[in-house]
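Chain letters run A, B, ... following the sequence lines, proteins first and then strands; every chain starts at 1.
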Protein chains: 2
Amino acid sequence: MGKNLGSMPQTGIDAIDRELIAVLASDGRIAVSELAKRVGLSAPSTAERMRRLETQGVIRGFTVDIDPRALGYTLQAIVRVQPLPGQLHLVEEAIRRIPEFVECDKVTGDDCFVCRLYLRSIEHLDDILGKVTERAATSTAIVKATPIERRLPPLG
Amino acid sequence: MGKNLGSMPQTGIDAIDRELIAVLASDGRIAVSELAKRVGLSAPSTAERMRRLETQGVIRGFTVDIDPRALGYTLQAIVRVQPLPGQLHLVEEAIRRIPEFVECDKVTGDDCFVCRLYLRSIEHLDDILGKVTERAATSTAIVKATPIERRLPPLG
DNA sequence: CTTGAAAGGGGGCGCGC
DNA sequence: GCGCGCCCCCTTTCAAG
């Protein structure tokens with residue numbers, strides 16, 4: 001939202017930066033000294049590269065990967081949402097306010113939004129979808145398995 | 001894949017654990033001492049909770065959030081994939097091997113897989129989809145915006 | 001970019017409470 | 001669960017090559 005996609009500065013990401021990113025992707029809390037060994041640089045240089053990648057916006061932040069089942073979310077659904085005429089903005093706001101929507105993309109085509117929901121049960125799914133069905137048509141697919149968990153694209 | 005969804009132990013996640021998770025989600029590299037202040041515990045207790053959450057599998061790991069545009073992926077697509085008869089397993093393998101598929105869920109309904117692709121251009125999209133069209137029908141939606149970046153569900 | 005040194009802080013461990 | 005002390009390692013900064 002509100003991001004200026006056209007103003008990405010021409011960042012010079014070299015091979016070492018890419019290796020650094022790959023290591024951080026697999027262990028976001030690795031010590032800089034250890035990271036330095038992995039990429040074959042000194043600790044100060046490695047720390048400076050990390051800072052540079054952060055200020056450049058390449059690294060947007062660090063986070064923890066949580067198993068949703070441990071929080072009671074034993075069900076995941078992919079829901080496509082088609083707002084009724086004139087309801088697009090209200091639907092987007094509604095989705096944003098419902099925390100069970102953990103991911104949402106606005107896309108081309110008939111399905112305006114493609115969303116991922118974390119849910120505790122089928123009843124929970126019905127409950128959540130009820131909050132948008134007045135303003136949008138929905139098409140729901142239950143996640144049976146996740147062959148690819150979110151991963152990095154090819155670096156380079 | 002191969003995960004035993006039925007064997008999740010009844011983990012006692014209390015309010016402090018949930019706060020700890022929320023803080024780590026917004027800053028995965030925060031120091032334990034600082035994290036301790038945020039959750040109102042001592043550093044040793046906080047460190048022990050982190051270790052416990054990791055061994056319990058609640059915390060699956062720590063990672064870095066990378067802006068795909070910084071790596072040249074200026075385009076994102078959500079692709080639904082319907083394997084042709086008898087091709088399901090081969091399609092899944094093919095998708096898994098193509099690194100531009102950065103996310104993939106196997107779902108109920110006609111669309112067997114729902115995937116996210118990172119791409120450099122429209123030509124790149126055509127190139128990648130060409131690798132699966134012999135074995136599957138695809139339905140592509142280009143991402144125009146992302147109202148909700150992957151976030152945590154309600155911690156309760 | 002490197003090495004080396006110095007200063008400050010953090011982490012891990014074990015203790016007693 | 002907490003606080004303390006201890007020691008080591010890590011991080012950061014600076015200098016100089």
Side-chain angles (χ1 to χ4, degrees), chain A residues 8-72 152-156, chain B residues 8-72 152-156:
Chain A
M8 179 65 57
Q10 268 307 21
T11 56
I13 308 290
D14 66 14
I16 293 178
D17 288 329
R18 290 192 287 269
E19 194 175 348
L20 196 151
I21 289 168
V23 173
L24 284 175
S26 72
D27 181 4
R29 275 183 84 85
I30 189 172
V32 175
S33 58
E34 176 63 25
L35 178 59
K37 291 175 195 167
R38 300 271 198 96
V39 303
L41 259 61
S42 69
S45 306
T46 305
E48 193 182 343
R49 276 178 186 261
M50 272 185 62
R51 277 193 296 272
R52 196 198 70 221
L53 291 171
E54 286 194 60
T55 59
Q56 278 180 176
V58 178
I59 292 178
R60 290 192 285 209
F62 295 88
T63 189
V64 62
D65 178 20
I66 298 294
D67 186 339
R69 292 171 295 171
L71 300 173
L152 280 182
L155 301 174
Chain B
M8 178 65 56
Q10 268 307 23
T11 56
I13 308 290
D14 66 14
I16 294 178
D17 287 330
R18 290 191 286 268
E19 194 175 349
L20 196 151
I21 288 168
V23 174
L24 284 175
S26 73
D27 181 4
R29 276 183 82 87
I30 190 173
V32 174
S33 58
E34 177 63 23
L35 178 60
K37 291 176 195 166
R38 301 272 196 95
V39 303
L41 259 62
S42 70
S45 305
T46 305
E48 193 181 342
R49 277 178 185 261
M50 272 186 61
R51 277 192 298 270
R52 196 198 71 222
L53 291 170
E54 286 194 59
T55 59
Q56 278 180 177
V58 178
I59 292 178
R60 290 193 286 209
F62 295 88
T63 189
V64 62
D65 179 21
I66 297 295
D67 186 340
R69 291 170 296 172
L71 300 174
L152 280 183
L155 301 174

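Counting heavy atoms from C-beta on, the side chains of A:Ile59 and B:Ile66 come closer than 4.5 Å. The shortest distance between side-chain heavy atoms of B:Ile30 and B:Lys37 does not fall below 4.5 Å. In this structure the side chain of A:Thr46 never reaches within 4.5 angstrom of the side chain of A:Ile16, judged on heavy atoms. Put simply, the side chain of B:Leu24 reaches to within 4.5 Å of the side chain of A:Arg29, judged on heavy atoms. By the 4.5 Å heavy-atom criterion applied to side chains, A:Arg49 and A:Asp14 are counted as neighbours.
Rounded to whole angstrom, the span from the NZ atom of B:Lys37 across to the P atom of D:dG3 amounts to 13 Å. Computed from coordinates, the B:Glu34 CD to D:dT11 P distance equals 17 Å when rounded to whole Å. The interatomic distance linking A:Arg29 (CZ) with C:dG12 (P) rounds to 9 Å, in whole Å. Here the C1' atom of nucleotide D:dC10 and the CZ atom of A:Arg38 are 16 Å apart, to the nearest Å. For B:Ile30 and D:dC10, the CD1 to C1' distance is 18 Å, given to the nearest whole Å.
Residue A:Arg51 has its side chain nearest to D:dT13 when only D:dT13, C:dG11, D:dT11 are considered.
Note on the helix from C:dC1-D:dG17 to C:dC17-D:dG1: terminal axis deviation equals 30°, with five pairs used at each end and the result rounded to 10°.
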Nucleic acid footprint by protein, nucleotides 1-6 of chain C - heavy-atom cut-off 4.0 Å, B for base, S for sugar-phosphate alone: SBB---
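Between A:Ser33 and D:dT11 there is a side-chain N or O to OP1 or OP2 distance below 4.0 Å.
Under a 3.5 Å cut-off, the side chain of A:Thr63 and the backbone N or O of B:Gly28 do not form any donor-acceptor pair.
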Worked check of salt bridge (charged side-chain N to carboxylate O under 4.0 Å, His left out) between B:Glu34 and B:Arg38: CA-CA 7 Å; B:Glu34 177 63 23; B:Arg38 301 272 196 95; 3.5 Å; yes
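A distance of 11.0 Å separates CE in B:Met50 from CD1 in B:Ile21, rounded to the nearest 0.5 Å.
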